[in-house]
2 protein chains.
Amino acid sequence: MALNYEPVVTESVAKQIAEQIRRAITNGTLKVDEKLPTEAELARQFSVSRPTIREALKRLAAKSLIRSRRGPAGGTFVQAPSTEDVSQDLMSSVALMVSLGVFDLTEIAEARHELELVCIRLAIKRRSSAELDRMAAEIKLQTDEALTDEEFCASDVRFHRALVDATHNPVMQFQMFTVIEALQPVENMVIFRFRERQKIIEQHEKIWRALRDQDLAEAEDAIDEQMVYLRESFAQAKEWRRNRDSVKAAVQ
Amino acid sequence: MALNYEPVVTESVAKQIAEQIRRAITNGTLKVDEKLPTEAELARQFSVSRPTIREALKRLAAKSLIRSRRGPAGGTFVQAPSTEDVSQDLMSSVALMVSLGVFDLTEIAEARHELELVCIRLAIKRRSSAELDRMAAEIKLQTDEALTDEEFCASDVRFHRALVDATHNPVMQFQMFTVIEALQPVENMVIFRFRERQKIIEQHEKIWRALRDQDLAEAEDAIDEQMVYLRESFAQAKEWRRNRDSVKAAVQ
DNA sequence: ATTCATCGATTTGCTTGACAAATATTGAAA
DNA sequence: TTTCAATATTTGTCAAGCAAATCGATGAAT
């Protein structure tokens with residue numbers, strides 16, 4: 001008989017309770033900042049022990065749906081997850097999936113390209129001088145020869161974050177954060193290996209000018225150019241990785 | 001003195017351990033399907049009690065990073081989160097944020113519009129007959145007068161899912177899933193209230209034809225048209241909600 | 001009267017110890 | 001050899017209690 005690989009029939013009670021509370025939050029039975037009963041009281045209500053309740057609560061805490069404080073005025077409170085919380089969480093999940101090869105680099109690059117085109121179209125219409133200044137400051141920083149590779153990469157991220165912020169659309173900001181950050185490790189690798197900073201800076205300057213002049217054609221061209229370069233670098237990185245792996249395989 | 005509202009200085013031990021294990025997974029120290037030490041062993045290694053370890057593990061389980069089985073060959077195993085897992089999770093978070101008003105409807109609609117334009121541009125180049133057939137089947141289904149509103153909405157979602165799948169880019173699929181699902185409740189409301197199915201079906205047909213003929217201009221036009229309609233409906237929905245709230249306020 | 005420190009009450013954080021349930025392995029019986 | 005039951009291992013749950021944080025109240029000093 002082949003092994004019966006049905007996932008699990010028995011959902012743990014902790015998981016069930018967590019799901020029940022989560023539903024109460026999403027459907028509005030539990031409102032934001034509302035205090036849940038104490039752990040002891042919840043344990044009594046659900047007829048389980050306190051550690052079981054705690055496991056359930058920790059599952060929700062992991063999703064930033066609740067927060068807890070000790071003390072008399074403490075307890076467990078419903079929390080509206082902030083975009084930062086969810087972005088951070090999502091980002092780490094995506095980063096893991098990327099490192100596990102769930103997503104292909106070229107697929108991510110394509111998505112980022114298209115999404116960044118969307119961003120720049122919106123940004124051209126709405127960019128304020130604040131974002132232009134932030135981007136200019138990052139470009140200026142990047143020209144500093146004394147900058148370490150890490151600092152350069154961080155500045156690169158901030159530059160693109162400013163571009164996204166210029167859309168003034170929180171949903172786009174939320175979405176882009178994922179792909180920008182997911183690409184970060186790979187970009188780092190590319191920059192560390194090939195470190196053609198000047199090329200990157202020129203592209204940033206082109207994007208910035210297009211944004212300042214609200215020149216759509218120029219902006220799209222700048223983004224395209226940037227992505228062609230990124231794609232080339234990826235191809236090199238892939239080739240390099242393939243060679244390394246085949247060497248490793250040959251050695252074994 | 002104003003209340004000192006610094007979140008928390010003391011990160012709980014369980015959280016720290018969870019983070020430590022998570023890092024071990026992301027940086028490859030722990031590989032997928034690898035077995036973690038038993039809870040008792042982990043408790044010994046981290047010098048904490050087993051329930052504390054369990055709280056840490058449950059945080060990771062909530063993020064689909066590990067799975068557990070009982071028995072001699074059981075234990076805790078590293079798991080590569082599937083796109084389904086993460087999508088599902090993300091979707092519920094975003095849905096909650098939408099219901100809490102973190103995102104504005106117009107912002108979501110704009111993001112969806114732009115992203116769907118991206119999708120259709122990619123889809124036009126890559127759509128296979130499989131996706132065209134799926135979309136055609138949904139359109140056919142939608143013309144059935146006997147369909148309930150719920151079924152119509154579900155079919156609408158499947159139609160757009162097929163459109164996204166036609167991009168053959170998992171990252172785009174992943175991203176779009178969020179906005180499509182996040183919009184779902186609102187769309188339902190709009191359809192339930194104004195139920196102009198025929199208009200929606202005509203738009204679907206236009207999109208489908210453009211995709212079949214690989215006619216980019218027509219496709220973009222179809223998406224634009226669809227979004228103009230959606231925006232109008234949103235404006236009505238907002239107005240309706242505003243009136244309801246002001247009435248409610250007046251009554252109180 | 002006001003302010004400050006101290007103490008107690010309350011709630012989460014964590015520990016210890018134990019038992020229950022599931023399940024792969026092992027060994028004995030047919 | 002096959003089948004079935006005992007066994008060992010590991011997660012799931014329970015119970016009771018102490019520790020730490022923190023808010024409110026009480027009382028003392030200014």
Side-chain angles (χ1 to χ4, degrees), chain A residues 1-21 25 30 33-79, chain B residues 1-21 25 30 33-79:
Chain A
M1 180 57 193
L3 69 166
N4 187 359
Y5 213 85
E6 288 178 28
V8 175
V9 189
T10 56
E11 288 272 303
S12 83
V13 294
K15 194 170 182 178
Q16 290 176 42
I17 292 172
E19 184 55 26
Q20 219 168 317
I21 296 176
I25 294 173
L30 286 169
D33 288 334
E34 189 171 335
K35 184 181 177 301
L36 272 69
T38 65
E39 295 179 352
E41 176 62 20
L42 284 172
R44 200 187 60 74
Q45 284 179 16
F46 285 99
S47 302
V48 295
S49 71
R50 228 190 91 194
T52 302
I53 287 292
R54 281 183 67 75
E55 283 193 13
L57 293 179
K58 290 314 145 191
R59 295 183 102 102
L60 299 176
K63 292 180 189 167
S64 307
L65 257 67
I66 57 173
R67 63 174 187 280
S68 296
R69 274 206 329 270
R70 287 196 274 210
T76 306
F77 299 85
V78 177
Q79 194 177 22
Chain B
M1 177 57 191
L3 71 167
N4 189 0
Y5 214 84
E6 289 178 29
V8 177
V9 190
T10 55
E11 288 275 301
S12 86
V13 182
K15 194 169 183 178
Q16 289 176 42
I17 293 172
E19 184 54 26
Q20 219 168 320
I21 296 175
I25 294 173
L30 287 168
D33 288 333
E34 188 171 335
K35 184 181 177 303
L36 273 69
T38 66
E39 294 179 351
E41 176 61 20
L42 283 171
R44 202 188 58 73
Q45 285 181 16
F46 284 101
S47 304
V48 295
S49 69
R50 226 192 91 194
T52 302
I53 286 291
R54 282 183 65 75
E55 283 193 12
L57 293 179
K58 291 314 144 192
R59 295 183 102 98
L60 299 176
K63 293 181 189 163
S64 306
L65 257 69
I66 57 173
R67 63 176 187 280
S68 296
R69 272 205 332 268
R70 287 198 275 208
T76 305
F77 299 85
V78 177
Q79 193 176 22

Residues in side-chain contact (heavy atoms from CB on, under 4.5 Å) contact with A:K63, at least two apart in sequence or another chain: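 With neighbours one apart ignored, the set is A:R22, A:L65, B:A62, B:D89.
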Residues that B:V78 engages under side-chain contact (heavy atoms from CB on, under 4.5 Å), provided they are two or more places apart: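 With sequence neighbours excluded, B:V78 shows a side-chain contact (heavy atoms from CB on, under 4.5 Å) to B:I25, B:L30, B:L36, given in chain and number order.
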Contacts under 3.5 Å, N or O only, protein and nucleotides 12-14 of chain D:
| unit_1 | atom_1 | unit_2 | atom_2 | d |
| --- | --- | --- | --- | --- |
| D:dG12 | OP2 | B:R54 | NH1 | 2.8 |
| D:dG12 | OP2 | B:R54 | NH2 | 3.3 |
| D:dG12 | OP2 | B:K58 | NZ | 3.3 |
| D:dG12 | O4' | B:R70 | NH1 | 3.0 |
| D:dG12 | N7 | B:R50 | NH2 | 2.7 |
| D:dG12 | O6 | B:R50 | NH1 | 3.4 |
| D:dT13 | OP1 | A:V13 | N | 2.9 |
| D:dC14 | OP2 | A:S49 | N | 2.9 |
| D:dC14 | OP2 | A:S49 | OG | 3.1 |
| D:dC14 | OP2 | A:T52 | OG1 | 2.5 |

Main-chain N/O of A:K58 paired to B:E55 side chain as donor or acceptor, under 3.5 Å: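 Checked: no pair found.
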Which whole-number value in Å describes the distance from [X] [atom1] to [N] [atom2]?
X	N	atom1	atom2	answer
A:K35	D:dC23	NZ	C1'	13 Å
A:E41	C:dT12	CD	C1'	15 Å
A:L42	C:dG13	CG	P	13 Å
B:L36	D:dT11	CG	C1'	13 Å

Heavy-atom side-chain contact between B:D33 and B:R67 under 4.5 Å: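 Yes, close enough: below the 4.5 Å cut-off.
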With B:E39 via side chain to side chain donor-acceptor pair (under 3.5 Å) - residues at least two apart: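 Partners of B:E39 by the side chain to side chain donor-acceptor pair (under 3.5 Å) criterion, ordered by chain and then number, come out as B:R50, B:R54.
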B:Q20: side chain to side chain donor-acceptor pair (under 3.5 Å) partners, not counting sequence neighbours: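 For B:Q20 there are no side chain to side chain donor-acceptor pair (under 3.5 Å) partners, ignoring immediate neighbours.
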Separation of A:R59 CZ from B:L57 CG (nearest 0.5 Å):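 Answer rounded to 0.5 Å: 10.5 Å.
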Relative orientation of the end axes in the helix from C:dA1-D:dT30 to C:dA30-D:dT1, expressed as an angle to the nearest 10° (five pairs per end):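 Inter-axis angle at the ends, rounded: 10°.
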Residues that B:E41 engages under salt bridge (Lys or Arg N to Asp or Glu O under 4.0 Å), provided they are two or more places apart: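 Checked B:E41 against salt bridge (Lys or Arg N to Asp or Glu O under 4.0 Å); matches are B:R44.
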